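As structure tokens, the structure follows; a few thoughts come after it.
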Amino acid sequence: MMLLAIEQGNTNTMFAIHDGQSWIAQWRAATESTRTADEYVVWLSQLMSMQGLGFRSLDACIISSVVPQSLFNLRNLSRRYLNVEPLVIGENARLGVDIRIDKPSEAGADRLVNAVGASMVYKGPLIVIDSGTATTFDVVAADGAFEGGIIAPGINLSMQALHEAAAKLPRIAIQRPGKIVGTDTVGAMQSGVFWGYISLIEGLVSRIKEERGENLTVVATGGVASLFEDATDSIDHFDPDLTIRGLLEIHRRNTHLESE
């Protein structure tokens, strides 16, 4: 089995190939909602050929997307060039976990995949922090069920808003400043963004634990999560493979159900 897994966020889209034993290739592209299936395949086929891979070797596809207008083209990519009907999170893919929120249909595909990926490795209950365009804090019960969470603006989004809304504030790189109190504009901004997000994480993790009255293991993933490593004791594990692991497990669960 050669699986093409597609995980599309608001900023980046990841394409990864699993050969049944391990992930053998991963690529990322900027998310563009108007990109067609044909455009995707031109880009992807060039990268695949560099590793001796071709579309004819792919026989399965799973898609997680939080960009509804892109889903049509990603689905067509699978149908037209892989000749398979893709599994789509939130549509025809069965997750194998309960979604214990007021409106289960509103749960984001990425958050559900993260819940599956986290519960495979870590003993629940869990708090899963995903740092992307938005920063999400999701609670996963001991039995793997998704029980809701918190959505906050992402660190890049906040930095961009500062630059665009305040004429004298420059666009800066996100990095850990040498001290808390900045003595110039860039240092002050870096401290506000970096330590502000650390405080956001510490504060919300503490409040979630207090509200639930139980100790939860905290797992962080996402594009900028590694920036926070060693900066706070509120995060127990940093796991960059959490989402892709969840996609593979969901595909396996659905394949198993189909074979029964």
Side-chain angles (χ1 to χ4, degrees), residues 1 3-18 22-23 25-29 31 60-68 70-71 74-75 77-78 85-101 103-152 154 216-225 237-258:
M1 185 277 296
L3 170 69
L4 174 63
I6 304 173
E7 192 269 314
Q8 184 174 64
N10 288 294
T11 304
N12 293 308
T13 303
M14 179 189 68
F15 295 80
I17 296 176
H18 195 278
S22 61
W23 295 103
Q26 290 186 36
W27 306 282
R28 290 186 180 274
T31 295
C61 181
I62 186 167
I63 301 169
S64 170
S65 176
V66 297
V67 187
S70 289
L71 194 51
L74 292 174
R75 190 185 286 111
L77 169 67
S78 179
E85 185 67 26
L87 282 171
V88 179
I89 307 301
E91 293 188 4
N92 61 339
R94 290 162 288 189
L95 304 184
V97 299
D98 289 336
I99 305 174
R100 298 180 188 141
I101 62 175
K103 297 180 180 179
S105 62
E106 292 183 357
D110 53 340
R111 299 168 71 189
L112 297 176
V113 172
N114 282 346
V116 173
S119 61
M120 288 176 60
V121 175
Y122 308 102
K123 183 179 180 181
L126 308 170
I127 299 173
V128 178
I129 304 173
D130 191 346
S131 302
T133 305
T135 299
T136 57
F137 299 73
D138 291 317
V139 174
V140 182
D143 63 357
F146 179 82
E147 296 197 330
I150 297 166
I151 302 174
L216 297 94
T217 299
V218 181
V219 184
T221 191
V224 296
H237 304 283
F238 289 86
D239 190 340
D241 298 323
L242 195 138
T243 305
I244 199 170
R245 186 190 309 121
L247 281 175
L248 179 62
E249 175 61 18
I250 292 169
H251 178 264
R252 284 175 172 165
R253 290 178 183 180
N254 281 263
T255 303
H256 177 71
L257 286 170
E258 289 172 2

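Note that this is a predicted model, so its numbers are computed, not measured.
- In this structure, E249 does not pair ionically with R245, as no charged nitrogen and carboxylate oxygen lie closer than 4.0 Å.
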- Task: Any chance you could lay out the side-chain contact (heavy atoms from CB on, under 4.5 Å) test for I244 and Q26, step after step, and finish with the verdict?
- Result: CA-CA 10 Å; I244 199 170; Q26 290 186 36; 3.7 Å; yes
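- A134 is linked by a side chain to side chain contact (heavy atoms under 4.5 Å, CB included) to I151, counting only residues two or more places apart in sequence or in another chain.
- Residues P86 and I63 approach most closely at CB-CD1, 3.8 Å, considering heavy atoms.
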Apply side-chain contact (heavy atoms from CB on, under 4.5 Å) to the pair F146 and D138, showing each step before the final yes or no.
CA-CA 8 Å; F146 179 82; D138 291 317; 3.6 Å; yes
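- Here the straight-line distance linking atom CZ of R111 with atom CD1 of I89 works out to 15.0 Å at 0.5 Å rounding.
- Residues satisfying the side chain to side chain contact (heavy atoms under 4.5 Å, CB included) test with V218, not counting sequence neighbours, are I127, I129, V205, K209, I235, D236.
- Legend: residues meeting side chain to side chain contact (heavy atoms under 4.5 Å, CB included) with S22, ordered by chain and number and at least two apart, are D19, I24.
- Between the CG atom in N12 and the CZ atom in R28 there is a gap of 6.0 Å [rounded to 0.5 Å].
- Residues passing the side-chain hydrogen bond (donor to acceptor under 3.5 Å, both in side chains) test with E91, sequence neighbours excluded: R75.
- Partners of H18 under the ring pair (Phe, Tyr, Trp, His ring centres under 6.0 Å) rule, at least two apart in sequence or in another chain, are W23.
- Atom CG of L242 is separated from atom OG1 of T221 by 5.0 Å, given to the nearest 0.5 angstrom.
- For D98, the salt bridge (Lys or Arg N to Asp or Glu O under 4.0 Å) partners at least two apart in sequence or on another chain are R100.
- Annotation for I250 and N254: closest pair O-ND2, 2.7 Å, computed over non-hydrogen atoms.
- Across all non-hydrogen atoms, the minimal contact from L71 to S65 is CD1-CB, 4.2 Å.
- Proximity of a side-chain donor or acceptor of R253 to a complementary backbone N or O of R94 within less than 3.5 Å is not detected.
- With sequence neighbours left out, V139 forms a side chain to side chain contact (heavy atoms under 4.5 Å, CB included) with E147, I208, R212, L216.
- In this structure T13 satisfies the side-chain hydrogen bond (donor to acceptor under 3.5 Å, both in side chains) test together with Q8, T31, sequence neighbours excluded.
- Residues passing the salt bridge (Lys or Arg N to Asp or Glu O under 4.0 Å) test with D110, sequence neighbours excluded: none.
- Using a 4.5 Å heavy-atom threshold, the side chains of L112 and V116 count as separate.
- Put simply, the side chain of I6 reaches to within 4.5 Å of the side chain of L77, judged on heavy atoms.
- Pairing each heavy atom of P240 with each of F238, the nearest pair is CD-O, 3.8 Å.
- Smallest separation of non-hydrogen atoms from H251 and L3: CD2-CD1, 3.7 Å.
- Under the side-chain hydrogen bond (donor to acceptor under 3.5 Å, both in side chains) criterion, the residue pairs touching residues 113-130 are N114-D130, N114-T243, Y122-D239, with sequence neighbours excluded.
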> Does the pair L87 and L247 meet the rule for a side-chain contact (heavy atoms from CB on, under 4.5 Å), with working shown?
Replying inline: CA-CA 10 Å; L87 282 171; L247 281 175; over 6 Å; no
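- Listed here is the closest heavy atom pair of A107 and I101: CB-CD1, 3.9 Å.
- Residues passing the side-chain hydrogen bond (donor to acceptor under 3.5 Å, both in side chains) test with T217, sequence neighbours excluded: none.
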